[in-house]
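A short write-up of the structure that comes next.
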Amino acid sequence: DSLIFTLTNEKLKVRDTFKVKSRKVAFDSLKISMSQNGNIEFDKPINLLSNTPLIRFDSTKIKLIDKDSIEIAVNVKLDSLRNLLNFDFKIDPDQNYRMELIPGAVTDFFETTNDSVAFSFKTKSLADYGNLTLNLNGNSIVYPIIVQLTNEKGELQREIYATEPQVYTFDNLNPGKYQARVIFDLNGNGKWDTGNLLKKIQPEKISYYPALIELRANWEKIETFNLID
């Protein structure tokens with residue numbers, strides 16, 4: 001609960017010791033939340049988040065039910081590195097879900113457990129989304145590549161990693177305008193690298209689709225992406 005410092009001046013032959021007591025700080029109480037609320041997306045994970053490190057869970061105290069009060073099978077996995085609990089289950093369209101956690105469902109680093117809590121979320125109809133297919137056209141495409149979709153602000157929405165030619169399909173996209181781009185992942189590490197000036201390594205090449213792609217609800221759109229050398 002305290003630190004002891006020794007200060008010495010060899011030239012003046014002076015030595016002193018003093019103590020500093022640390023400020024008492026209360027432990028954070030366990031607070032949990034969901035990574036998605038309200039309308040959830042099919043392609044995004046459903047995670048339980050915590051403000052303190054989680055160390056274990058009890059799946060028998062976690063229940064997921066749909067709008068017909070039918071219990072849904074769910075696989076629960078603790079990700080200690082990212083400090084979250086992942087819920088893996090079949091997500092159906094036009095459905096309402098309720099996640100219930102009774103006391104003791106999760107335990108954190110301080111041996112604190114949760115109180116009874118429930119989270120409600122739902123999915124939209126498939127007709128509320130659009131689907132986009134990209135065909136890449138080019139004679140000298142070097143794999144692996146990363147095909148990405150961003151919104152108008154440049155925020156990543158979806159991506160597909162490919163090691164060989166294929167059709168790139170992005171299903172259940174929210175209506176809006178998207179920018180498509182291709183990253184040539186020369187070192188195969190699954191991400192874009194900025195390069196290194198000192199080592200004379202160029203940034204990995206990125207090719208952008210020449211225009212924004214507009215997608216509306218209940219649309220099926222196919223675009224050809226011509227990659228120019």
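Because the structure is predicted, anything quoted here is derived from the model rather than measured.
With respect to the salt-bridge test (charged N to carboxylate O, under 4.0 angstrom), the residues K90 and D92 qualify. Look at E71 and R98 and you find no salt bridge, because none of the NZ, NE, NH1 or NH2 atoms lies under 4.0 Å from a carboxylate O.
A 4.5 Å side-chain heavy-atom check between I213 and Q179 finds every atom pair outside the cut-off. Counting heavy atoms from C-beta outward, Q148 and I206 have side chains that stay 4.5 Å or more apart. The side-chain heavy atoms of N86 and D79, taken from C-beta on, include no pair separated by under 4.5 Å. By the 4.5 Å heavy-atom criterion applied to side chains, I160 and L134 are not counted as neighbours. For the pair P103 and T113, the minimum side-chain heavy-atom distance is 4.5 Å or more.
The aromatic rings of Y209 and F225 sit perpendicular, their planes meeting at an angle over 60°, well past the 30° parallel limit.
The hydrophobic cluster containing L173 also contains W219, counting ILVMFWY residues as joined when their side-chain heavy atoms lie under 4.5 angstrom apart, directly or transitively. Cluster membership check: Y161 shares its hydrophobic cluster with W192, using side-chain heavy-atom separations under 4.5 Å among Ile, Leu, Val, Met, Phe, Trp and Tyr. Note on L78 and I102: separate hydrophobic clusters, where clusters join Ile, Leu, Val, Met, Phe, Trp and Tyr whose side-chain heavy atoms are under 4.5 Å apart, directly or indirectly. Taking hydrophobic clusters as Ile, Leu, Val, Met, Phe, Trp and Tyr residues chained together by side-chain heavy-atom distances below 4.5 Å, L85 shares a cluster with F119. The cluster map of Ile, Leu, Val, Met, Phe, Trp and Tyr, joined by side-chain heavy atoms under 4.5 Å apart, puts L48 and L64 in the same cluster.
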>> Let's go through Y168 and V182 carefully: what are the C-alpha distance in whole Å and the side-chain angles of both, what is the deciding distance for side-chain contact (heavy atoms from CB on, under 4.5 Å) to 0.1 Å, and is it a yes or a no?
In response: CA-CA 11 Å; Y168 303 88; V182 174; over 6 Å; no

> side-chain contact (heavy atoms from CB on, under 4.5 Å) between F184 and E204: does it pass, once the steps are laid out?
Replying inline: CA-CA 6 Å; F184 294 87; E204 290 180 328; 5.7 Å; no

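Under 3.5 Å, the side chains of N174 and E41 contain a donor-acceptor pair of N or O atoms.
When all heavy atoms of A118 and E100 are compared, the pair lying nearest together is CB-CG, 4.2 Å. Across every non-hydrogen atom of N172 and N131, the tightest pair is N-OD1, 2.8 Å. Residues N114 and G104 approach most closely at OD1-N, 3.4 Å, considering heavy atoms. Listed here is the closest heavy atom pair of T150 and L156: CG2-CA, 4.1 Å. For the residue pair S29 and N51, the shortest heavy atom distance occurs at O-ND2, 2.9 Å.
Between Y97 and F89, a ring centre-to-centre spacing shorter than 6.0 Å is recorded.
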